[in-house]
Each structure stands twice: as structure tokens, then as C-alpha cells.
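Numbers restart at 1 for each chain; the letters A, B, ... are given by sequence-line order, proteins then strands.
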2 protein chains.
Amino acid sequence: MPMNPESRYDAILQKLRAHNLKLTPQRMAVAKILSRSEGHPGVERIHAQLKDAFPTMSLATVYRNVMLFKSLGEVLELGFPDGGNRYDGNKPYPHPHVVCVQCKAIIDPDLDSLKDMASEIAAETGFKVLTHRLDFFGICPKCQHSASQ
Amino acid sequence: MPMNPESRYDAILQKLRAHNLKLTPQRMAVAKILSRSEGHPGVERIHAQLKDAFPTMSLATVYRNVMLFKSLGEVLELGFPDGGNRYDGNKPYPHPHVVCVQCKAIIDPDLDSLKDMASEIAAETGFKVLTHRLDFFGICPKCQHSASQ
DNA sequence: TTTGCTGCAAATAGTTTGCAGAGAC
DNA sequence: GTCTCTGCAAACTATTTGCAGCAAA
């Protein structure tokens, strides 16, 4: 159930204005792609999609804008250790993903609950689930009690 | 509930023998550390712990052995996009983790179920849970039907 | 003796950064 | 006009790899 890409796009632009950030054509183009986030694109893919409209556009600019949006909370980063991070500007909040280890496709499953997850995923997506990864990130008790740092 | 480190160590050695791989002192030392996996060590940490016993030991050797154990299914790799992957040779199967984003501590929570996870985690570990990551990895329908590749 | 392992150093690859000019406001 | 952004190229960093010598079996 993806959010309406246009309202996501507007939300991102609004956030940019609220922070007095400039609306350059490149930045807006990246925002537009991320607001759809079809297939959870990576930086390289975003860059490729913009090559026609912006022949001189550099990868660095894509990186910088994606990171900017992420820092604004408007993009969810799916980090992978073997490079090729992927981004979701349509649902910029944590949610499960199903990743094809072969073609690198990434889709969002609809999970009623998180019980019997693997079989639920398999039934819904047709994936053959090989493994999963579930991490919680937070501040450990020791760090909570130390002068934040 | 960590498994008995010694039996894990023996299991790794046994697997090595079964594959006609050589039991070098360096390899055995890495296996020993991983069989405990206290704190889910990273490569750098493993290397540091072996500097005393093996002053000339190179990082490359640690990398090679960790990857070897991983390929044998004896080590679970916790990959992080920002480098510094972590390893678990004590419970080499997928399971949830709780990661402190500040000090990088990683612990294994006991989860009765995966419902109300965040609060369950908080109650059990004392962590202030900020976010989480749940990925399923598998083969998508399209890839299942294409000549495996 | 044979085969695989280690140490070293160089190569890789995704990402980040310094800088000078261009452009949004 | 000011201040940020962009493009380019160089820098970074975790990890991988080629190679020659060394050691396990």
C-alpha cells in the first residue's frame, strides 16, 4: 500500500522549504524519483534515470541529496554491507522487506503479524525465503546513563 | 542462551577436517574466538585479540578465515553498510539482535514471540529502541523460474 | 612432497569530501 | 548579492586479491 507519490513529493519539497534549503532542479528530480521509490532504487539507479534530463549530473549530487532527505526523515535507507544501498522515499519509516538475493529485487510485503513470518512471506510474495535479518537499533543502558556523548 | 563455546569450537574444527582444510594455528585461534563470539566481534577486534599470540598475523588472514567459516555455515555474519561487519560463531543461524547505535554493542535478546517486539526488547534489555530492521532474503518468483543462473 | 595457508602490499568499490564555479532566492 | 549547491576529481575505508614463501598433513 504505497502512499500517493505526489503527496510524498510535496511533503519533501515542503520540508526543504521549511529548512530554507534550495530547490534546485537536480534536487527536485531526485526527490521525485524517491517519492515513488519504485523498486527501492539505489543511488546508481537514480543517477541513471536522471542522465537524460541532466546529462552532467554527478553521482556525488545524488548521494548528497539522498543523504539530505534521509537526514530530514523523508527517506528510509536500506543499507547493505556489500554496497548498493537502497532507498525508499515513499514509506520513509521502518518496515519489513523481502529481498531477492539473485536479482536484488526488493518488495514490501503486507504482514498481518510477524508470526510465522517466513511462511507468510512465501505465501504472499511467492518468494522462497532463505534467511532473514532482524535488527533492533537503540541506545543500550550503559550509553543512556553516560553523558550522552 | 549461548551454546557451549567448546562444543562450538569442536564443531568448527570437525567441519574443517571434514572438508580437508588445514588446521593452522591462526585458523584455530580465529575459530576459538568466534566460537565464543562474546560481543559479536568484528574482524578488527578479532585481529587485535590475536596480536599477542600471533604478532605477525595479518588482517587478511582474519578476513579469509572468517569468510571460510561463514561459507561452511559455522559463522553468522551481521553485515552493516557503514563497514565494521560483526560475526557470531556461537549461534550461526539467523536470530534477532539489538544494536547500540552509540557504542556499537550488540546483544541477543530472548524473544518469546515477535509481537510487541520493541517494547519486549526494551523490557528485557533496557535498550531505548529507536528503530529496527527486518529483512527477508530469498529468491523471487521470477528468479525461481529463470534458469537459476 | 603436495597442497593449501599466510603475510604483505596493492587493488577494489561504494561512498565522501575539497574546491571553484554556477545558480537559487 | 549572498549563500548554498553542483560537478569534478581526489580521498577514504572496509574488504579482497595476487604473489612468493611457508607450513600442515
Trainee: Is N65(A) touching bases, backbone alone, or none of the nucleic acid, heavy atoms closer than 4.0 Å?
Mentor: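 Contact class for N65(A): sugar-phosphate only.
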Trainee: OP1 or OP2 of dT16(D) less than 4.0 angstrom from a side-chain nitrogen or oxygen of Y63(B), does that happen here?
Mentor: no
Trainee: For residues P81(B) and F80(A), determine if any side-chain heavy atom of one lies less than 4.5 Å from a side-chain heavy atom of the other.
Mentor: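 No. Closest side-chain heavy atoms not under 4.5 Å.
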Trainee: Ignoring hydrogens and angles, state whether a donor on the side chain of H95(A) or D108(A) is under 3.5 Å from an acceptor on the partner side chain.
Mentor: yes
Trainee: OP1 or OP2 of dC8(D) less than 4.0 angstrom from a side-chain nitrogen or oxygen of S58(A), does that happen here?
Mentor: no
Trainee: Under 4.0 Å, counting only non-hydrogen atoms across every strand here, what does N85(B) touch: a base, just sugar-phosphate, or nothing?
Mentor: sugar-phosphate
Trainee: Find the distance Q26(A):CD to dG7(D):C1' and express it as a whole number of Å.
Mentor: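 Rounded to the whole Å, the gap is 9 Å.
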Trainee: Calculate the interatomic distance between N20(A) atom CG and dT2(D) atom C1'; express it in whole Å.
Mentor: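 N20(A) atom CG is separated from dT2(D) atom C1' by 13 Å.
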Trainee: Would you kindly give the CZ-to-P distance between R27(B) and dA23(D), to the nearest whole Å?
Mentor: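 The distance from CZ of R27(B) to P of dA23(D) comes to 15 Å, rounded to the nearest Å.
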Trainee: Between T61(B) and dG7(C), does any side-chain N or O lie under 4.0 Å from OP1 or OP2?
Mentor: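 Yes, such a contact exists.
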Trainee: Between P on dC22(D) and CE on M57(B), what's the gap in Å once rounded to a whole number?
Mentor: 18 Å
Trainee: When you measure from the side chain of R8(A) to the backbone of G89(A), do you find a donor-acceptor pair of N or O atoms at a distance under 3.5 Å?
Mentor: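 Pair found, side chain donor or acceptor close to backbone of G89(A).
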Trainee: Could you check whether R64(B) gets within reach of a base, just the sugar-phosphate, or nothing at all, counting any heavy atom under 4.0 Å?
Mentor: base
Trainee: Look at T24(B) and dC5(C) and indicate whether a side-chain polar atom (N or O) is within less than 4.0 Å of OP1 or OP2.
Mentor: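 It does not, given that no N or O in the side chain of T24(B) lies less than 4.0 Å from OP1 or OP2 of dC5(C).
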Trainee: Just to be sure I understand the rule, does L23(B) reach a base, reach only the sugar-phosphate, or reach nothing, if contact means heavy atoms closer than 4.0 Å?
Mentor: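 The answer is sugar-phosphate, as L23(B) gets under 4.0 Å only of primed atoms, P, OP1 or OP2.
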Trainee: Checking S35(B) side chain against N90(B) main chain: does a donor-acceptor pair fall under 3.5 Å?
Mentor: no
Trainee: Roughly how many Å is it from CZ in R45(A) to C1' in dG14(C), rounded to a whole number?
Mentor: 18 Å
Trainee: Identify the residue among V99(A), I106(A), D88(A) that makes a side chain to side chain contact (heavy atoms under 4.5 Å, CB included) with L78(A).
Mentor: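 Result for side chain to side chain contact (heavy atoms under 4.5 Å, CB included) with L78(A): I106(A).
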Trainee: What is the distance, to the nearest angstrom, from the CG atom on L59(A) to the P atom on dA11(D)?
Mentor: 19 Å
Trainee: Start at the 5' end of DNA chain C and walk down; is the nucleotide closest to A60(B) or to K22(B) reached first?
Mentor: K22(B)
Trainee: Return the value, rounded to whole Å, for the distance between atom CG of L68(A) and atom P of dC5(D).
Mentor: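 Rounding to the nearest Å, CG of L68(A) and P of dC5(D) are 7 Å apart.
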Trainee: With sugar-phosphate meaning primed atoms plus P, OP1 and OP2, does P25(A) contact a base, only sugar-phosphate, or nothing at under 4.0 Å between heavy atoms?
Mentor: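 Sugar-phosphate contact only.
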Trainee: Between C1' on dT15(C) and CZ on F80(B), what's the gap in Å once rounded to a whole number?
Mentor: 19 Å
